[in-house]
Amino acid sequence: MEILRKVIEPLLGDALEELGINTDYWKKSLSQSRERDQGDLSLPCFSFAKEMSKDPNEIAKKLAEILSDKCNVHSVGGYLNFRADKKWLAAEVIKGFEHAGESNVLIEHTSANPNGPFHVGRARNAILGDSLVRLHRYYGNIVRSEYYVDDMGKQVGVLAWALDNLTKEKVDQILNSNTDSDSRWEGKSDHETVKWYQAAQLLRQEGDQEIESEISRMVHASENGDDTVLSKFEDSYSPVLDGMLATLSRLGIEFDTFTKESKFVVDGSVSRLMEAFENLEIVGTADNGAKFLDLGQRGLKGKTEFFYRRGDGSSLYATRDIAYHIWKWGQCDKLINVLGEDHKLQSKQVGLTLQELGYKVPEVMFYAFIKLPEGKMSTRRGNVVYMDDLLEEAKEHAAKIVRDLRSDLSEEEINHIAEAVGVSAVRFNIIKVSPDKGFTFRWEEALSFEGESAPFVMYSHTRACSIAKKVGRKPSECEIGEIGDSMYELLRIMAINHDRLSRAVNGNKPHIYATQMLELATAYNAFYRDCHVINEGVVNEFNFCISERARVMLEQGMNALGVIPLESM
RNA sequence: GGACACGUGGCCCAGCUGGAUAAGGCGGCGGCCUCCUAAGCCGCAGAUCGCGGGUUCAAAUCCUGCCGUGUCCGCCA
């Protein structure tokens with residue numbers, strides 16, 4: 001509880017000085033208490049024991065004695081526990097909390113190859129990335145969200161070739177099915193076009209040299225900045241990308257800017273970069289003239305050669321990525337990338353190279369993959385769950401529940417609630433777990449709307465909304481009233497909201513804030529049970545005031561996670 | 001083979017800048033709608049924190065070895 005720390009630290013500093021401790025290394029061990037009944041901040045006194053050659057228990061007791069008339073403090077078994085005064089806490093909560101962000105942040109996320117619809121695995125990037133964007137904005141930072149469009153290279157080449165050379169009939173024949181179950185997405189450009197891509201990939205597997213050389217020709221041309229090929233590529237991937245973005249938009253995910261990979265080839269920054277590499281002391285040349293940097297000299301383990309130029313002089317994906325990063329550094333003071341764990345090595349190489357050139361290393365949030373019970377997700381083997389299907393399923397499931405629970409609502413209202421619940425639940429399920437945890441997608445978990453889920457948080461919020469609606473006005477100025485256990489607990493959770501947000505933002509860990517929302521909702525539910533705002537028609541102003549603060553905090557917090565706050569559900 | 005992650009009750013997961021009885025959820029069992037929406041609330045059962053060493057007053061947390069799982073190791077993107 002940082003607001004309490006500000007009060008306690010100076011007092012504690014003085015008290016320790018009195019006992020002859022003049023350093024301030026203890027500040028880092030003064031931390032949030034683990035258990036509720038311990039208090040809000042705790043200081044273990046064991047480390048003082050050696051220095052003072054005294055029993056830690058005695059030290060804690062002595063400190064408690066010195067501080068007893070200045071703050072609420074107890075010593076227990078060598079620990080010093082501080083507790084925020086209830087009324088002070090209530091006043092702080094009513095006053096509200098300032099957010100501290102002031103950085104100019106550029107967050108690049110998703111950046112998926114525009115060659116087919118999102119499955120839930122690929123979408124983890126977008127959901128995590130967008131949550132980070134929202135959290136940073138809530139924190140007060142200026143944020144730009146970027147999508148790096150891979151508009152050159154083999155994947156797009158394959159797609160472009162397929163669209164040029166394969167008819168619909170041919171595609172169906174190659175894929176050996178057009179009566180797929182995914183007819184529900186007929187007309188959605190990413191689902192439609194991915195078939196061409198898949199068909200082409202099958203043909204390539206059969207080893208048709210002509211196809212291969214035609215694709216290479218185009219890819220090569222694109223790498224040299226060939227206008228016609230690049231615009232052909234763009235015509236091929238644009239509809240697919242639009243379809244993919246439509247899915248993200250449904251999830252509440254939008255981008256501020258799109259930057260095309262080809263930009264850095266066309267504007268010459270890639271060739272300038274490769275010239276700059278020549279002057280580095282770790283540069284090396286292979287037999288055929290290909291160039292690399294020996295990152296082993298900079299601490300990279302395993303394979304240390306990082307190739308940035310082919311034998312024929314053309315650039316590689318990673319080279320362009322570095323040019324892109326240099327460009328990004330020119331427009332922000334904090335750079336964050338959201339990447340799958342398969343990019344760890346690549347990202348390390350980019351980071352070391354940037355460092356070698358005198359640039360800062362970007363922060364990276366890595367996430368592990370989502371698997372299916374049957375194994376790894378793979379479009380090719382048909383082992384996928386498309387995000388569009390998941391969203392549709394989640395919405396249907398939500399609609400069923402709303403229809404059950406709320407016979408008073410119109411079909412239109414049910415639809416609106418179901419969409420919000422479905423989308424929020426899908427997002428929250430991904431956000432609430434630590435990104436470096438690989439997890440297995442299970443329908444029954446994805447569609448669980450109880451317990452630790454978005455609807456749980458949404459429901460608490462609607463309860464607060466319902467109260468506000470019943471009262472029908474803003475809370476007026478009031479005295480601080482009675483603070484029972486449930487309210488006290490709510491106040492404490494609210495008081496650490498900013499601490500949690502700060503940890504989530506500065507550590508790139510959205511799940512920390514998801515947990516905070518869960519705890520806030522839980523605390524609000526207890527408050528709702530025990531501290532009635534309206535009693536026999538009379539409004540308890542103090543309770544109402546706290547309820548409103550909690551309502552706003554829930555609303556803002558939900559928005560910061562992409563969970564949609566509804567007034568009724 | 002090498003590098004990097006992860007391994008916590010039947011299942012999922014938090015905690016891992018070392019600190020006091022390991023927090024939740026799902027599932028199981030038992031309760032609560034004459035009272036601001038029961039997608040809620042309360043109670044019970046369930047954990048040798050993968051295994052072995054080490055550091056420390058103190059280890060789920062740090063170091064190390066092993067085992068298991070995942071990812072990566074392209075002059076692909």
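In what follows, every chain begins at residue 1, and chains take the letters A, B, ... in the order their sequences are listed. All values reported here derive from a predicted model rather than from experimental measurement.
- Under 4.0 angstrom from either OP1 or OP2 of B:C4 there lies at least one side-chain N or O belonging to A:K301.
- The environment of CD in A:E413 is crowded: more than 12 heavy-atom neighbours from other residues, nucleotides or ligands sit within 6.0 Å.
- Between A:Q516 atom CD and B:G24 atom P there is a gap of 16 Å when expressed in whole angstrom units.
- Here, B:G68 and B:G24 have their P atoms 34 Å apart, quoted to the whole Å.
- Pair assignment for B:A60: none, as no Watson-Crick or G-U wobble contacts are both less than 3.5 Å.
- Counting non-hydrogen atoms under 4.0 angstrom, A:S568 reaches a base of the nucleic acid.
- The main-chain N or O of A:K263 is never found under 3.5 Å from a side-chain atom of A:R320 such that the two would form a donor-acceptor pair.
- Note on A:E519 versus A:K432: no salt bridge recorded, every NZ/NE/NH1/NH2 to OD/OE distance being 4.0 Å or above.
- Taking atom CG of residue A:D485 and atom P of nucleotide B:C42, one finds them 13 Å apart after rounding to whole Å.
- Atom name C1', nucleotides B:C33 and B:A22: the rounded distance is 35 Å, in whole Å.
- Using modelled atom types, one side-chain atom of A:N506 and one backbone atom of A:S502 make a donor-acceptor pair closer than 3.5 Å.
- Nucleic acid contact class of A:T462 (heavy atoms, under 4.0 Å, all strands): base.
- Comparing B:U71 with B:G54, their C1' atoms sit 30 Å apart, to the nearest whole Å.
- Taking a centre distance below 5.5 Å and an interplanar angle below 30 degrees as the stacking criterion, A:F307 stacks against the six-membered base ring of B:C75.
- For A:V421, whose side chain is taken as the heavy atoms from C-beta onward, the closest listed nucleotide among B:C12, B:A77, B:A39 is B:A39.
- Among the protein residues, A:V156 comes within range of no part of the nucleic acid, since none of its heavy atoms lies under 4.0 Å from any strand.
- A donor-acceptor pair shorter than 3.5 Å cannot be found between the side chains of A:H343 and A:N337.
- The phosphate of B:A39 has neither OP1 nor OP2 within less than 4.0 Å of any side-chain N or O from A:R406.
- Residue contacts for A:L405: at a heavy-atom cut-off of 4.0 Å it reaches a base atom on one of the strands shown.
- Residue contacts shown for A:G77 are absent, as no nucleic acid heavy atom lies under 4.0 Å away.
- One can find a donor-acceptor pair under 3.5 Å joining the base of B:A77 and the side-chain atoms of A:Q346.
- Straight-line distance between the P atoms of B:G53 and B:A3: roughly 25 Å, to the nearest whole Å.
- For A:E35, the listed nucleotide lying nearest its side chain is B:U21; candidates were B:U21, B:C36, B:C75.
- Here A:M569 lies in heavy-atom contact (under 4.0 Å) with a base.
- Side-chain to base pairing of A:N525 with B:C41: no donor and acceptor N or O lie closer than 3.5 Å to each other.
- Within the 3.5 Å criterion, the main-chain N or O of A:I127 finds a donor-acceptor partner in the side chain of A:S131.
- At the phosphate of B:A14, OP1 or OP2 sits under 4.0 Å from a side-chain N or O atom of A:K437.
- Between the side chain of A:H74 and the backbone N or O of A:A64 there is no donor-acceptor pair closer than 3.5 Å.
- Residue contacts shown for A:A286 include a base, since a base heavy atom lies under 4.0 Å away.
- Contacts of A:N288 with the nucleic acid, taken as non-hydrogen atoms under 4.0 Å apart, include base atoms.
- Phosphate proximity of B:A77 to A:H343: absent, as no side-chain N or O sits under 4.0 Å from OP1 or OP2.
- We find that CZ of A:F46 is positioned 11 Å from P of B:A58, with the value rounded to whole Å.
- Listed pair A:R529 / B:C36 fails the phosphate criterion, with no side-chain N or O lying under 4.0 Å from OP1 or OP2.
- The C1' atoms of B:C44 and B:G7 are separated by 29 Å, rounded to the nearest whole Å.
- B:G46 and B:G28 have their C1' atoms separated by 10 Å, with the value rounded to a whole Å.
- A:E223 comes within contact range of the sugar-phosphate backbone alone, with a heavy-atom separation under 4.0 Å but no base atom that close.
- If you measure from atom NZ of A:K371 to atom P of B:C6, you get 14 Å, rounded to the nearest angstrom.
- Listed pair A:R36 / B:A23 fails the phosphate criterion, with no side-chain N or O lying under 4.0 Å from OP1 or OP2.
- In this structure, A:C531 reaches the bases: a heavy-atom distance under 4.0 Å links it to at least one base atom across the strands shown.
- The backbone N or O of A:Y308 lies less than 3.5 Å from a partner atom in the side chain of A:T319, making a donor-acceptor pair.
- In this structure, A:L345 reaches the sugar-phosphate backbone alone: every heavy-atom distance under 4.0 Å involves primed, P, OP1 or OP2 atoms, never a base.
- Here B:G25 is the nucleotide among B:G25, B:C16, B:U71 with the atom lying nearest to any side-chain atom of A:E452.
- Using a 4.0 Å heavy-atom distance criterion, A:N540 is classed as making no nucleic acid contact.
- Residue-level contact check: A:S42 touches the bases, meaning some heavy atom is under 4.0 Å from a base atom.
- Atom-to-atom, CZ of A:F277 to C1' of B:C75 comes out at 15 Å; the value is rounded to the nearest Å.
- Protein atom CG of A:D436 is 12 Å distant from nucleotide atom P of B:C16, rounded to whole Å.
- Aromatic ring pairs are classed by plane angle as parallel below 30°, tilted from 30° to 60° and perpendicular above 60°; the pair A:Y148 and A:Y324 is parallel.
- Listed nucleotides: B:A77, B:A14, B:A39. Nearest to the side chain of A:E261: B:A77.
- Checked against B:C16, B:C36, B:G74, the side chain of A:K303 finds its nearest nucleotide in B:G74.
- The CE atom of A:M517 sits 21 Å away from the P atom of B:A39 (whole-angstrom rounding).
- Using N1 to N3 plus N6-O4 or O6-N4 for Watson-Crick, or N1-O2 and O6-N3 for G-U wobble, each under 3.5 Å, B:G1 pairs with B:C73.
- Considering only side-chain atoms of A:Y317, the nucleotide from B:A39, B:A77, B:C6 that sits closest is B:A77.
- Nucleotides B:C49 and B:A59 have their P atoms positioned 12 Å apart, rounded to a whole Å.
- Rounded to whole Å, the P atom of B:G43 lies 31 Å from the corresponding atom of B:C51.
- Relative to the side chain of A:K344, the nucleotides B:A5, B:A39, B:A77 differ in distance, and B:A5 lies closest.
- Among the nucleotides B:C36, B:U21, B:A39, the one closest to the side chain of A:Q38 is B:U21.
- Put simply, NZ on A:K432 is 13 Å from P on B:C12, counting in whole angstrom units.
- Among B:C6, B:C75, B:C26, the nucleotide with an atom closest to any side-chain atom of A:E450 is B:C26.
- Without hydrogens or angle criteria, A:S453 side chain to A:A425 main chain gives no donor-acceptor distance under 3.5 Å.
- Closest to the A:I512 side chain, of the nucleotides B:A77, B:G15, B:C36, is B:G15.
- Taking the syn range as angles within 90° of 0, the glycosidic angle of B:C12 is outside it, so the base is anti.
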